[in-house]
Amino acid sequence: MYWLYSWTRILLFFARYFASRTRLVRPPFVSGIIEEVAEAIGPIVGVPKHFALIGAEHCPKDGPVIFCANHTKLDDPLLVYHAARMAGGRLSRIMMRDDYFVGPLWENPIVAAPKLFACMGAHMIDRDRVTLAQMKPFLNVLDEDGSFIIFPGRTRTRSGVFIEYRENFTEPGGVSFFIRQTQKKRSDVRVAAVPIVRTFNPASKRTASILGPPLYLDHAADRDAMREFDANVVVAMSRLVEINAAQLVSALLYLRVLHGRTSSVTIDRLADDISQVSPRLKGLHADPAISADAIGEVGAVVRFLAREGMVSLDGQSIRPNAERILLPPPLDTTYRRENPVKYLANQILHFGDVVEGITERALQ
């Protein structure tokens, strides 16, 4: 019954918003129904059944916070918002590009997408020509000891690579700018930059959101120190990827095929490969299922890849589709669908020691 009640409250939220466009009522704000939103939307995105929150102790309970997140899927803002709320009770604003929802449907006076998403917790920003007026709302949030979510990579990764700079983006978004301006105004305040990374396993449907320890910028930081800080934020984020069986199996298959090993391989062999690589995961975040049920995890992954046409499965025997696996997909939104093996393998490329271990096993 509460689920039905929650959806009713959400529908009333939208009804009130559209009524506010005629100036009959004041616009609503999503924080007033956040419990209902969590109840209604959670099951759709796998919360809580397939959702793991790790490192909640790193979330400051008060004071200004910037949550620095990776961006892999469309529902990332919702999941990161949910994780920050679960970890520290933070009701965060979201930095959102202003050109995402364009066209007659979104830009007409009734829908007015920027205002709608502002009511839903977002502030708009231009990725190419950021103005002071666009940055001001985020500075106000920090000045009021609030929090907001930023995606330093500026855009979703298409290839699966952790941070995929493209379209003239050569460095991460300026987390340090917002911190520097706030701390310049409030010398007694330290703004926390909390890295938070979402990893999704398409085989098991598990989503892991991992928070890392806060990073702090020195009050006297100059431009060079600010740039180094922004880079360090991304490095800290990259260590929070949860390594899962889908990534490891995909990397093993890709390297086998790349080196001409296109013959069949068994589920047991791949599970053993993963077990041999597991010691290299020490000190990193790894899906507990890898050690708890390696064979079951590998089986789920190969069934997923078989559905995607990347392998053929005959009992315990797996034959890779070499042509599909080596296919270089276009660097656009079809990449994940065209070659999920490369997409998943790319997610762990920055873990050099892990990749070295996978390479050794793939060549045996």
Side-chain angles (χ1 to χ4, degrees), residues 10 13-14 16-23 26-34 37 41 64-85 90-158 163-169 171-182 191 193-194 196 198 230 233 333:
I10 291 173
F13 168 89
F14 283 104
R16 184 180 178 87
Y17 170 76
F18 291 123
S20 74
R21 300 304 302 149
T22 65
R23 302 184 185 279
R26 293 175 61 84
F29 188 62
V30 73
S31 63
I33 59 167
I34 195 62
V37 170
I41 305 299
V65 177
I66 302 177
F67 292 101
C68 308
N70 66 322
H71 204 355
T72 60
K73 292 170 65 67
L74 281 173
D75 62 357
D76 286 336
L78 178 63
L79 266 295
V80 175
Y81 184 99
H82 184 79
R85 174 180 163 274
R90 309 299 303 235
L91 300 181
S92 305
R93 288 286 191 167
I94 301 170
M95 184 178 289
M96 182 176 180
R97 52 186 273 200
D98 64 356
D99 63 343
Y100 197 84
F101 292 101
V102 297
L105 173 63
W106 299 104
E107 295 179 300
N108 71 75
I110 298 299
V111 175
K115 295 185 180 298
L116 171 60
F117 286 101
C119 290
M120 295 171 65
H123 286 310
M124 306 297 157
I125 197 165
D126 189 317
R127 294 186 305 176
D128 300 313
R129 295 176 297 277
V130 180
T131 66
L132 181 60
Q134 291 173 335
M135 293 186 288
K136 185 66 174 176
F138 298 102
L139 294 173
N140 289 340
V141 168
L142 297 179
D143 195 40
E144 296 169 0
D145 288 341
S147 62
F148 69 84
I149 298 164
I150 185 173
F151 298 95
R154 307 189 187 191
T155 187
R156 273 183 299 150
T157 176
R158 295 174 176 179
I163 295 289
E164 183 183 277
Y165 297 126
R166 52 187 171 86
E167 299 170 0
N168 300 319
F169 297 156
E171 58 184 6
V175 176
S176 63
F177 169 83
F178 296 98
I179 298 177
R180 181 74 176 91
Q181 293 301 311
T182 300
V191 179
V194 178
I196 177 170
R198 182 263 182 103
D230 289 330
V233 167
T333 55

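As the structure is a computational prediction, the values presented were derived from the model and not from experiment. Sequence positions, counted from 1, serve as the residue numbers for this chain.
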What heavy-atom pair brings K73 and R156 nearest, and what distance separates the two atoms?
C-CD, 3.8 Å

Which heavy-atom pair separates P137 from A133 by the least distance, and what is that distance?
CD-O, 3.1 Å

Given V141, T182, L142, the one that forms side-chain contact (heavy atoms from CB on, under 4.5 Å) with I66
L142

Would you confirm whether R16, through its side chain, and R26, through its main-chain N or O, come within 3.5 Å as a donor-acceptor pair?
yes

Evaluate side-chain contact (heavy atoms from CB on, under 4.5 Å) for M135 paired with F178, printing each intermediate quantity in order.
CA-CA 8 Å; M135 293 186 288; F178 296 98; 4.0 Å; yes

Determine the interplanar angle of the F138 and H123 rings, folded into 0 to 90°, and report it as parallel if under 30°, tilted if 30 to 60°, perpendicular if over 60°.
perpendicular

Would you say that L91 contacts Y81 through its side chain, given a criterion of any heavy-atom pair below 4.5 Å between the two side chains?
yes

Looking at every heavy atom in both N108 and L105, which two are closest together, and how far apart are they?
ND2-O, 2.6 Å

Q134 side, atom CD; M95 side, atom CE - distance, nearest 0.5 Å
9.5 Å

Do the non-hydrogen side-chain atoms of F13 and M120 ever get within less than 4.5 Å of each other?
yes

Give a yes or no on whether the backbone of I163 and the side-chain of N70 come within a donor-acceptor separation of less than 3.5 Å.
no

Output the distance between atom CZ (R90) and atom CZ (F148), rounded to the nearest 0.5 Å.
12.0 Å

Backbone of G174 reached by a side-chain donor or acceptor of D230 within 3.5 Å:
no

Could you tell me whether the side chain of V191 reaches within less than 4.5 Å of the side chain of Q181, counting heavy atoms only?
no

What is the distance from atom CZ of R93 to atom OG of S31, rounded to the nearest 0.5 Å?
8.0 Å

Distance in Å, R180 CZ paired with L139 CG, rounded so as to fall on 0.5 Å steps:
12.5 Å

Starting at CZ of R97, measure out to CD1 of I125 and round the result to the nearest 0.5 Å.
12.5 Å

